[in-house]
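Shown next, in structure tokens, is the structure this report addresses.
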Amino acid sequence: MGEASSSRRLLGGRGNRAARSVGAVPPPVLVVTSMISLQVGAAFAKQLFAMAGATGVSALRLGFAALVLLILVRPSLRMDRRTLLVIVGYGAVLAAMNMSIYQAFARIPLGVAVTIEFLGPLSVAVFGSRRKLDVLWAGLAAVGVLLLSRIEGGLDPVGVSFALLAGAFWAGYILMGAKLGDHTKGGSGLALGMVVGALVATPFGIVGSGEALLQPTALAVGLLVALMSSVLPYSLELEALRRIPPRVFGVLMSLEPAVAALAGLVVLGEALGSVQWLAIGCVVLASVGATRGSGSQPKGGAGAREACAD
């Protein structure tokens, strides 16, 4: 009952009709819409880098997302010390993941960055399994990354490093999300974690961008990115997770690198060659295989990721 009421609050508070409308949409459509919103939001964020910098845009996104979620969810501040530590850890990892992937976006194509970052949750699925077949999926993902490295002219090594770092933080985010799910209910943990993430990211944004963060255009696009990359995806995913098994959700989420590549192509004009699309396909297939073979998905995994960031 907690997830249902939280979903209604996130999707419009008093607008029960809107919640019922979303409830009538098939879960796969909700998940795909969530991914499109997330990655198009990331593409808009990348367009803002020239004005406010990657760290500045990350701070704007987390700050606005925290504000919106606080208004919609109205989380309780009553908690024990252990819950507080979990929320702080979750928020810190969330901020680090966001800032890392935005630094990667600033240097390499969106689809490539998200594909490399996806190695994080894929590693969690593979290393958490005892099946020998998962070694094959890990090898297929490695082939995908190797193919990405063959982009003509090469990839910016700093951008690749940031994407790998974002993947590592995404893996940590999944593990912290599982703990968050054990200690909080509904969207309260996410809202408070987002506040922590905003507090962590804001000093970096101020140092990196300064007064540029206060420009009306930056604020407007920052709010749009927060809604598209945080609030809306989380709301849709929460509704989808109420109606489909986590394994099915995970398989659908495996399409995210391909969605990111399409968003980069349509919004930013970042065309990829056939080899790079083949690489993305390898990682997507590896993720589908690892997810279908896993007996369960950790709480706070891809489904509970606010998104991340990507």
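At a threshold of 4.5 Å between side-chain heavy atoms, the hydrophobic network of Ile, Leu, Val, Met, Phe, Trp and Tyr places Leu265 and Val40 in two separate groups. Cluster annotation: Ile71 and Val195 are assigned to distinct hydrophobic clusters (Ile/Leu/Val/Met/Phe/Trp/Tyr, side-chain heavy-atom contacts under 4.5 Å, transitive). In terms of hydrophobic clustering, with Ile, Leu, Val, Met, Phe, Trp and Tyr side chains grouped at heavy-atom distances under 4.5 Å, Leu84 and Met194 are assigned to a common cluster. When the side chains of ILVMFWY residues are joined at heavy-atom separations under 4.5 Å, either directly or via intervening members, Val88 and Leu77 end up in a single hydrophobic cluster. A continuous path of Ile, Leu, Val, Met, Phe, Trp and Tyr side chains, each step under 4.5 Å between heavy atoms, connects Trp277 with Leu255, placing both in one hydrophobic cluster.
Distance check, rounded to the nearest 0.5 Å: CG of Leu285 to CD1 of Ile280 gives 13.5 Å. Taking NZ from Lys179 and CD1 from Ile87, the interatomic distance works out to 14.0 Å, rounded to the nearest 0.5 Å. Residue Leu38 holds its CG atom at 5.0 Å from CD of Glu256, rounded to the nearest 0.5 Å. With rounding to the nearest 0.5 Å, the separation of CG in Leu110 from CD in Glu270 is 6.0 Å. Taken to the nearest 0.5 Å, the CG atom of Leu262 stands 11.0 Å off from the CE atom of Met35. With rounding to the nearest 0.5 Å, the separation of CZ in Phe169 from OG in Ser100 is 5.0 Å.
Residue Ser209 comes nearest to Thr55 through the heavy atom pair OG-OG1, 4.4 Å, listed as atom of the first residue, atom of the second, then distance. In terms of heavy atoms, Ala43 sits closest to Leu268 at O-CD2, 3.6 Å. Residues Tyr173 and Val93 come closest through the heavy atom pair N-CG1, 3.5 Å. In plain terms, the two heavy atoms of Ser188 and Val73 that are nearest each other are N-CG1, 3.7 Å. Counting all heavy atoms, side chain and backbone alike, Val283 lies closest to Ala141 at CG2-O, 4.1 Å.
At a threshold of 4.5 Å between non-hydrogen side-chain atoms, the residues Phe64 and Leu219 count as touching. Side-chain contact between Val31 and Met253 is present, with heavy atoms from C-beta onward closer than 4.5 Å. Put simply, the side chain of Tyr90 does not reach to within 4.5 Å of the side chain of Val196, judged on heavy atoms. A 4.5 Å side-chain heavy-atom check between Gln47 and Val267 finds at least one atom pair inside the cut-off. At a threshold of 4.5 Å between non-hydrogen side-chain atoms, the residues Ile116 and Val160 count as touching. Put simply, the side chain of Leu236 does not reach to within 4.5 Å of the side chain of Ser37, judged on heavy atoms. By the 4.5 Å heavy-atom criterion applied to side chains, Leu60 and Val225 are not counted as neighbours.
In terms of modelled atom types and a separation under 3.5 Å, the side chain of Ser58 and the main chain of Ala54 share no donor-acceptor contact. At least one donor-acceptor pair closer than 3.5 Å links the side chain of Thr33 to the backbone N or O of Val29. Proximity of a side-chain donor or acceptor of Ser161 to a complementary backbone N or O of Pro157 within less than 3.5 Å is detected. Between the side chain of Arg107 and the backbone N or O of Gln103, at least one donor-acceptor pair lies under 3.5 Å. Ser34 places no side-chain N or O within 3.5 Å of a backbone atom of Leu30 that could act as its donor or acceptor partner. Under a 3.5 Å cut-off, the side chain of Lys46 and the backbone N or O of Phe105 do form a donor-acceptor pair.
Using the six-membered ring where Trp is involved, Phe118 and Trp170 have ring planes that are perpendicular, over 60° apart on the 30 and 60° scheme.
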Start with the C-alpha distance between Arg61 and Ser229, add both sets of side-chain angles, then the distance that settles side chain to side chain donor-acceptor pair (under 3.5 Å), and finish with yes or no. CA-CA 8 Å; Arg61 173 191 171 180; Ser229 296; 4.7 Å; no
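Residue Phe49 places its CZ atom among more than 12 non-hydrogen atoms of other residues, nucleotides or ligands, all under 6.0 Å distant.
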